[in-house]
There are 2 protein chains.
Amino acid sequence: MNLKELSKILGLSQTTVSRALNGYPEVKEATRKTVLAAAAAHNYSPNTRAKSLATGRSNAIGHVIPMANSHEMVNPIFGDFIAGAGEVYSRNNYEMVLSIVEDGREEDIYRALKTRGTVDGVILHGPKMNDARIALLHEIGLPFVVHGRASGIDMPYSWLDVNNRSAFRRATDFLMDLGHRRIALLNGLETMDFAHRRRRGYEDALGARGLSADPEIMRSEEMTETFGYSATCDMLALPCPPTAFLVSSIISALGVRRAIEDQGLRMGRDVSIVTHDDSLSYLTNGADVPIFTATRSSVRDAGRALSRMLIDQISDPALAPQHQLLEVELTVGRSTGPAPTTNPVAAQTA
Amino acid sequence: MNLKELSKILGLSQTTVSRALNGYPEVKEATRKTVLAAAAAHNYSPNTRAKSLATGRSNAIGHVIPMANSHEMVNPIFGDFIAGAGEVYSRNNYEMVLSIVEDGREEDIYRALKTRGTVDGVILHGPKMNDARIALLHEIGLPFVVHGRASGIDMPYSWLDVNNRSAFRRATDFLMDLGHRRIALLNGLETMDFAHRRRRGYEDALGARGLSADPEIMRSEEMTETFGYSATCDMLALPCPPTAFLVSSIISALGVRRAIEDQGLRMGRDVSIVTHDDSLSYLTNGADVPIFTATRSSVRDAGRALSRMLIDQISDPALAPQHQLLEVELTVGRSTGPAPTTNPVAAQTA
DNA sequence: CCACTTTTCCAAAGCGCTTTGGGTAACGCA
DNA sequence: TGCGTTACCCAAAGCGCTTTGGAAAAGTGG
């Protein structure tokens, strides 16, 4: 069933039927009713491609997911992010198109997305320091919003970000208030903007108390479970091991916990953990009592808010860039406790 | 830059340019070269929508992700699945379009996808027992393949599935060979086909040794970490607690492990775990030595194979339905050991 | 009742591509 | 030279929709 057929059935012109369906004021309310009823009865819905060809808008939004070709990883927060965004899209009749692409080949993808008219805008994921994609998108004139920010870029652009720096400063302060002085940082890859900001927050807090960061207990890698595990094993074997771990992802935090308990130590008593928690649906931080003391910020909410921001941007290109900085909640769980007076790791090995 | 402009520049007709670009034999090789060079120079790529309107094919594949509205969860295996599928799509010039949809509203989505011509085919995720979507897709004539199978459906359809039944039978046998007789099953939702098959495998193995399944140590829920944790806590508190756990997801297995160690017990000595492992990129089962003894099958490979299957189906609709049954690897990790002679849990509480 | 606005509808152009149905020039063969 | 092929290229129709520029019908005020 297409427009032509439908209008023939109704004895109206295509113009009128089209207008009736799209809510234009030029049709009598009675006619509109008839048209809508007929459309429903014949299960008509307009061909998206023809519609976009005619309007010049695709009603689709692109997500280009960078996949580190070396690691072949898809960020686990992605599922929850698109769940949030998907809600907004379906309510606004947008489609979501995904491209998984190896790091580096992204430029072609963005250009193709623009010239082929596949999407009306894109959401930029995983911004890096000095991310070149922002200038690129500006240049090719494809509307976009960024999930995160890119330090070093002074061009204006819309973004939504967690206040990573203050979050990690608070988390570090929290641990220091408990008496911890030797706090390890297990962070994401340093090329990632968020990791950079988190480290800054961590260093801010240490600096404010006259401490300085020790590279020996700082790591930057893909935030896998095994990274948490092996980094922790390594550090606990140091002559002067950390008494607390500040972790960038709950997934790695699970690895940290595993390492701690493998050593016969107890989390929250012998070694403390604070982690960032993106509220992943399958990895909620405990049911009633949180497992981990955590800085929490829902990535699903971020998906909702950011997609809305992009849709606004698309429907009004004159709109000034929007910014949204989310503060985290610091929830206290059972993974933190006062710093042990005698070093439990040292005591054990002794 | 569009076809018209490009052909004007070249001094050729649109027909010839189009044919040159699409590899038709009616153009001289020299002309083709010129055309291709000009296209590259002017950064031309054809408008997708116009092309699909003309050809009747969209070169896009839909993934409709069911989201249990009650749980609001997006299956974590999804990210890795689409990473695999995305590879194949980009190599074959397909786009991936995603719809996140609440359970139940799926019918409308599939119909819209068909009538609006958004996609050429879809991949069906998370098949349930007697899944109604299969009949629906047949009815509306949208090509599809299924990730998994649907018991109770006798219509022919293409699928790719893990041999869940034999996997869980083997896993159960493995535990029984170690002397375990009281083996808990932490499974996915029973409405899910895979969960049903896994239970069958588990029961097969028990039955073959004259044992019968005890509902008290069998659970079916969304495979979250907290599910693993709380189910394990409950079961370890039983008068006759299980000595081993068979788990459907590595995420829940992490919860099981947490519960075990919270009780002061040791995984692999006091309590054994075997889990299914989908080889999620951020949750690999240990670096060198596997954490868990596991039945492993890469969901990313599944994504690759299944998307290929669908593309074949689309390019040749006459093709008979394809089937692919993947056998799992049983990798032995450090989470299993001989059944303790005296019940450690009982001993501890005594 | 007439001129004039407003409402209601329509025919046709156009979005950017593919593809059908030729047309013309070059080529081969008698 | 003449005629049938082949190789190469083109004009125009059509995919299904929106939208422009009217036209006809229906109100409206004097």
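The model shown is predicted, which means the values in this text are computed figures rather than measured ones. In the text below, chain A, chain B and the rest are named by the order of the sequence lines, each starting its count at 1.
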Exercise. How close or far is atom C1' of C:dA11 from atom CG of A:L12, stated in whole angstroms?
Worked result: 14 Å
Problem set entry | Closest approach of B:I140 to B:Y110 (non-hydrogen atoms, all atoms of both residues) | CD1-O, 3.6 Å
Identify all pairs in which a protein N or O lies below 3.5 Å from an N or O of nucleotides 24-27 of chain D, and state each distance.
none

Exercise. Does anything in residues 122-143 of chain A pair up under side chain to side chain donor-acceptor pair (under 3.5 Å), and if so which pairs, sequence neighbours excluded?
Worked result: A:H63-A:H125, A:E106-A:R133, A:R111-A:E139, A:D131-A:R133
For this session: Taking only heavy atoms on the protein side, list every residue of residues 107-122 of chain B lying under 4.0 Å from any atom of DNA chain C, sorted numerically.
Result: none
For this session: Take the C1' atoms of the five end pairs on each side of the helix from C:dC1-D:dG30 to C:dA30-D:dT1, get both axes, and report the angle to 10 degrees.
Result: 40°
Can you pull every protein N or O that's under 3.5 Å from an N or O on nucleotides 17-19 of chain D?
from	atom 1	to	atom 2	distance (Å)
D:dC17	OP1	A:Y44	OH	2.9
D:dC17	OP1	A:N47	N	3.1
D:dC17	OP2	A:L3	N	2.4
D:dT18	OP1	A:N22	ND2	2.9
D:dT18	OP2	A:S18	OG	2.6
D:dT19	OP2	A:Y24	OH	2.6
D:dT19	O4	A:T15	OG1	3.2

Exercise. Would you call A:E5 and A:K8 a salt bridge, using N to O less than 4.0 angstrom?
Worked result: no
For this session: Take atom CG of B:L21 and atom C1' of C:dG16, then tell me their distance rounded to the nearest Å.
Result: 13 Å
Exercise. Quick check: does any side chain N or O of A:S18 sit under 3.5 Å from a backbone N or O of A:Q14, one acting as donor and the other as acceptor?
Worked result: no
Problem set entry | Interatomic spacing from NZ in B:K51 to CG in B:N59 - rounded to 0.5 Å | 7.0 Å
Exercise. Have A:T55 and A:S52 got a donor and an acceptor in their side chains that come within less than 3.5 Å?
Worked result: no
Problem set entry | Polar side-chain atom of B:S158 near backbone of B:P321 as donor-acceptor pair, under 3.5 Å | no
Seminar exercise, completed: Taken to the nearest whole Å, CG/B:L53 to C1'/D:dG16 is 6 Å
Exercise. Would you find a donor on one side and an acceptor on the other, under 3.5 Å apart, between the side chain of B:N47 and the backbone of B:R49?
Worked result: yes
For this session: Could you name each residue pair satisfying ring-ring contact (aromatic ring centres under 6.0 Å, His included) that touches residues 24-46 of chain A, not counting sequence neighbours?
Result: none
For this session: Quick one: label A:S52 by what it contacts on the DNA or RNA (base, sugar-phosphate, nothing), any heavy atom closer than 4.0 Å.
Result: nothing
Problem set entry | Between A:T31 and A:T34, a side-chain donor and acceptor under 3.5 Å | no
For this session: Write down the distance between CZ (B:R57) and P (D:dG14), rounded to a whole number of angstrom.
Result: 22 Å
Problem set entry | Carboxylate-amine/guanidinium contact A:D193 A:R149, below 4.0 Å | no
Exercise. So, B:S99 versus A:E95: side-chain donor-acceptor pair below 3.5 Å or not?
Worked result: no
For this session: Return yes if a side-chain donor-acceptor contact under 3.5 Å exists between A:T115 and B:S45, otherwise no.
Result: yes
